Amino acid sequence: MLEIKNLVVKIEDNQILNGLNLTVNDGEVAAIMGPNGSGKSTLSYVIAGKEDYEVLDGEILLDGVNVLEMAPDERAAAGLFLAFQYPLEIAGVGTMTFLKACINAQRRAREEGEISTPDFIRKVNAAADKLEINKEMLKRALNVGFSGGEKKRMEILQMALLEPKFCVLDETDSGLDIDALRIVSEGVNALREKGRSFLVITHYQRLLNHIVPDTVHVMSKGQIVKTGGKELALELEQSGYADYRSEAA
Ligand code: ADP
Ligand code: MG
Ligand code: MG
């Protein structure tokens with residue numbers, strides 16, 4: 001489903017990704033683990049199309065189409081979704097207004113009509129119930145004053161509503177207590193199905209007790225330096241990242 005070939009990326013004179021290769025199959029949950037500063041967030045931003053990153057070489061193919069040639073909104077319409085490590089607070093933008101605008105932007109890009117208000121409310125309520133999101137939160141401005149856990153649940157709510165093909169979760173576990181971790185993980189697990197794949201980025205192993213990955217990749221210095229099954233996450237928990245820090249140098 002997603003194939004990254006020889007991705008080389010720099011930002012402000014620093015080369016961060018150094019010929020990264022990664023394949024994620026249909027229905028697969030792939031985890032990327034790695035020390036701080038190894039380029040995990042950079043990879044997720046480049047997949048989503050954030051500006052400021054200069055792609056010097058390589059391809060990111062979603063179902064065979066190079067998304068690097070697409071604008072961020074076109075990528076979203078094609079089924080890419082990024083849940084941020086640090087969701088932004090957007091004062092003045094109502095959460096419901098934002099969610100409806102996201103859904104309608106995607107539908108317009110696919111030449112479908114806008115969602116009706118009753119259908120939208122039903123859809124949001126069902127997803128919010130599943131993620132144990134307090135409906136009062138939905139009446140507030142997007143993420144403004146939300147706790148860390150509430151912000152992450154809001155990211156997963158957006159993911160559930162947009163029904164993406166390929167989901168990137170960047171350190172969704174950071175800032176979550178154990179209850180929020182369970183709720184967010186259950187939300188993700190409920191969305192696991194054929195036709196949808198996940199790239200779960202994390203520094204710690206504990207998220208992967210809840211979202212059990214099919215494959216685990218270790219990232220170091222802007223490259224994937226090791227790939228294995230879910231047991232690789234447990235090994236890393238034991239050994240730490242010390243073995244990997246210099247491997248890609
Ligand atoms: P990770 O998510 O694995 O912790 P990041 O992708 O956030 O790593 O960062 C990788 C490297 O890129 C770090 O050395 C970081 O300092 C650098 N970096 C990230 N963003 C910028 C930026 N805007 N300008 C310069 N360097 C950056
Ligand atoms: Mg980091
Ligand atoms: Mg990061």
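All values derive from a computational prediction rather than experimental measurement. This chain uses plain numbering: 1 for the first residue, then up along the sequence. Every number for a ligand or one of its atoms is a count from 1 in the order of the listing.
- For the residue pair Lys100/Thr117, the side-chain donor-acceptor check at 3.5 Å is satisfied.
- Residue-to-ligand polar distances keep Tyr53 apart from ligand 1: every N/O pair is separated by 3.5 Å or more.
- Short contacts between ligand 1 and Pro35, defined as distances under 4.0 Å to a heavy atom of the residue, involve ligand atoms 3 (O).
- Looking only at distances, no side-chain donor or acceptor of Arg108 sits under 3.5 Å from a matching main-chain atom of Gly113.
- None of the N, O or S atoms belonging to Asn36 lies under 2.8 Å away from the Mg ion (ligand 3).
- More than 12 heavy atoms of other residues, nucleotides or ligands lie within 6.0 Å of CZ in Phe81, so this atom counts as buried by the packing criterion.
- Not one N or O of Ile16 is nearer than 3.5 Å to an N or O of ligand 1, by distance alone.
- Heavy-atom separations between Gly39 and ligand 1 include at least one value shorter than 4.0 Å.
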Test salt bridge (Lys or Arg N to Asp or Glu O under 4.0 Å) on Asp26 and Lys194 and set out the steps.
CA-CA 6 Å; Asp26 187 353; Lys194 186 108 182 83; 3.1 Å; yes
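- Close approach of ligand 1 to Ser41 (heavy-atom distance below 4.0 Å) involves ligand atoms 1 (P), 2 (O), 6 (O), 7 (O).
- Between Thr95 and Arg140, the shortest heavy-atom contact is OG1-O, 2.8 Å.
- Checking Ser44 against Lys50 by side-chain atom types alone, no donor-acceptor pair falls below 3.5 Å.
- Around atom 9 (O) of ligand 1, the closest heavy atom drawn from Val9, Ile11, Thr42 belongs to Thr42.
- The N/O atoms of Gly37, backbone and side chain alike, include one that comes under 3.5 Å of an N/O atom in ligand 1.
- Among the atoms of Thr42, no N, O or S atom is found under 2.8 Å from the Mg ion (ligand 3).
- For the pair Arg206 (side chain) and Ile178 (backbone), a donor-acceptor distance under 3.5 Å is absent.
- Within ligand 1, counting atoms from 1 as listed, the ones closer than 4.0 Å to a heavy atom of Asn14 are 25 (C), 26 (N).
- Any N or O atom pair closer than 3.5 Å counts here, and Glu171 shares no such pair with ligand 1.
- Glu28 and Ser197 share no side-chain donor-acceptor pair at under 3.5 Å.
- Atoms of ligand 1 lying under 4.0 Å from any heavy atom of Asn36, numbered from 1 in the order shown and given with element: 4 (O).
- In terms of heavy-atom proximity, Gly187 sits nearest to Leu131 at CA-CD2, 3.7 Å.
- Residue contacts with ligand 1, taken as heavy atom pairs separated by less than 4.0 Å, involve Lys40 via backbone and side-chain atoms alike.
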